[in-house]
There are 2 protein chains.
Amino acid sequence: MPTRAIAIEDDEAVSRLIAQVLTAHGFEMVGTAATGEDGIALAKREVPDVALVDLGLPKMSGEDVIAAIRQEVPKTMCIALTAVDIPARVLGALRAGAAGYILKPFHAGELARAVEDVLRGDSAPISPRAAKVLLAELRGDAPDQRNHGPALSKREREVLELLVHGHTYADVANALGIAEGTVQTYVKRIYEKMDVSTKAEAALLAVARGLVKP
Amino acid sequence: MPTRAIAIEDDEAVSRLIAQVLTAHGFEMVGTAATGEDGIALAKREVPDVALVDLGLPKMSGEDVIAAIRQEVPKTMCIALTAVDIPARVLGALRAGAAGYILKPFHAGELARAVEDVLRGDSAPISPRAAKVLLAELRGDAPDQRNHGPALSKREREVLELLVHGHTYADVANALGIAEGTVQTYVKRIYEKMDVSTKAEAALLAVARGLVKP
DNA sequence: TCCGACGTACCACGTACAGGGTACCCGGGC
DNA sequence: GCCCGGGTACCCTGTACGTGGTACGTCGGA
């Protein structure tokens, strides 16, 4: 049985192009829909192997469509298709359950390759631009991690490392062989440099920047 | 000034190949190293634009090398290079600060393209197989994680969310419309369930388990 | 039916924390 | 020479925090 696919895309030209490309690569198009509602109904009726979902649909958001399909028809893998790579969009789609994220315009081979990748199940096609967003999120948001204030000194990193793991000032002082008052100085400087004001915030930022291992 | 690159790779054949490919694409190779220690020293000395780091180095792990370079020479972007795509490896490297993740064997064009992508800064080259691991992690259905002790109630998660972002008990009380004393009860229960005793520890564990986004 | 488990809510006490000071040493410039 | 900035080190004060209590409603099983 050939791989069965559907497309949920409001631009009919794009929709036809998708059908053409996939058919040419040996997939079977079992339907297309122009709205989210129709697309979900189509997916439930046909239970295709893969669904190409445009994120720029009118009314219902592509994210919601993907989430609905993942919920109702888990067997169907969803690939998000969009012209924009706004971080919130990328993350929303992937969180919703998209197995891949392709940016328009795409090459014919790119699309077919992505579908094959997803179906094989051992990989997830993600455009480099989308991947950057993913990475940023994984590391703790903050667009462009680099150059966030002055670097911490070696001693300051030692203090931070101990602090964020729940040790008290007294513990830190003991471990480093300095007075508790001195620890407080380091903490103050660390807070200034990291622009935070509590241990909790410092801990969050520290892991986000990879200064300490969780 | 041309883009300056280094390679940290113990297999000399691969190392030469990298140099060859990058040189052919107009990059300047300013050094190669066969061990992590040498690589870090090289990076500090040359401060290259990009470093290709093999994850399968003897002795020192590639993750640690990347982390060290990101720490000491933030300007240098690191691209992880490996033959295996073990989830822990992928995540470790990306968490350590790798801007890209390329699987061996790679095509010549692929490598050059990845370096260009990373330097342009608007995208992150991630191999499809590595991307799959990333996605799984992002969605939280990664191996282990989950099921660490009793689950927090909705209210407790709300308190935790606010707490770990540095808000005081008073702030939390205000935001949730309850008394400060009540917040303390939640904090106690949260600490018990998570088996921690400070805000900093709770913050670490919360991000580690994906309960809150950093 | 009653009782226990759990989520919710509040108070009081002692301590650890955040932020205000001050001081010394060292290396690099003006 | 001199001062200046950054790293190191210490003290003091008010506050937020961690932990000990108590109490009430609800749900489900003994």
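Letters A, B, ... mirror the listed sequences (proteins, then strands); counts begin at 1.
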Quick one: [X] [atom1] to [N] [atom2], roughly how many Å, whole number?
X        : N      : atom1 : atom2 : value
A:Ile190 : D:dG7  : CD1   : C1'   : 12 Å
B:Leu163 : D:dA16 : CG    : C1'   : 11 Å
A:Glu180 : C:dT15 : CD    : P     : 13 Å
B:Arg157 : C:dT8  : CZ    : P     : 10 Å
A:Lys193 : C:dA18 : NZ    : C1'   : 18 Å
B:Leu176 : C:dG7  : CG    : C1'   : 14 Å
B:Glu201 : D:dC17 : CD    : C1'   : 14 Å

Please determine if a side-chain N or O atom of [X] lies less than 4.0 Å away from the OP1 or OP2 oxygen of [N].
X        : N      : answer
A:Thr182 : D:dT8  : no
A:Tyr169 : C:dT15 : no
B:Ser153 : C:dT8  : yes
A:Lys199 : C:dC17 : yes
A:Arg155 : D:dG6  : no
A:Arg189 : D:dG7  : yes
B:Tyr186 : C:dG7  : no

| hbond_proxy B:Gln184 side chain to C:dA9 base (donor-acceptor, 3.5 Å cutoff) |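 Not at all, since no donor on one side and acceptor on the other fall under 3.5 Å apart.
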
| query | Is the base of C:dG21 touched by the side chain of A:Lys188 through a donor-acceptor pair closer than 3.5 angstrom? | reply |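 Between C:dG21 and A:Lys188, which were checked side chain against base, a qualifying N/O pair under 3.5 Å is present.
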
| message | Could you check whether B:Glu158 pairs with B:Arg155 (Lys NZ or Arg NE/NH1/NH2 to Asp/Glu carboxylate O, under 4.0 Å)? | response |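 Here B:Glu158 pairs with B:Arg155 in a salt bridge, since their nearest N and O are under 4.0 Å apart.
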
| request: Identify whether the distance between the nearest side-chain nitrogen and carboxylate oxygen of B:Arg157 and B:Glu161 falls below 4.0 Å. | output: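 Answer for the salt bridge query: no.
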
| Could you give the distance from OG (B:Ser153) to CD1 (B:Ile190), rounded to the nearest 0.5 Å? |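 The distance works out to 7.5 Å.
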
| said: So, taking the atom named CD1 in B:Ile8 and the one named CG in B:Asp54, what distance separates them when rounded to the nearest 0.5 Å? | reply: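 These two atoms lie 9.5 Å from each other.
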
| Got A:Tyr101 and A:Ile79 here, is their nearest side-chain heavy-atom distance under 4.5 Å? |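 They are not in contact (no side-chain heavy atoms under 4.5 Å apart), so the answer is no.
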
| task | Name the residue closer to the 5' end of DNA chain D, choosing between B:Thr185 and B:Tyr191 according to the nucleotide with the nearest heavy atom. | result |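 Nearest-nucleotide comparison on DNA chain D picks B:Tyr191.
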
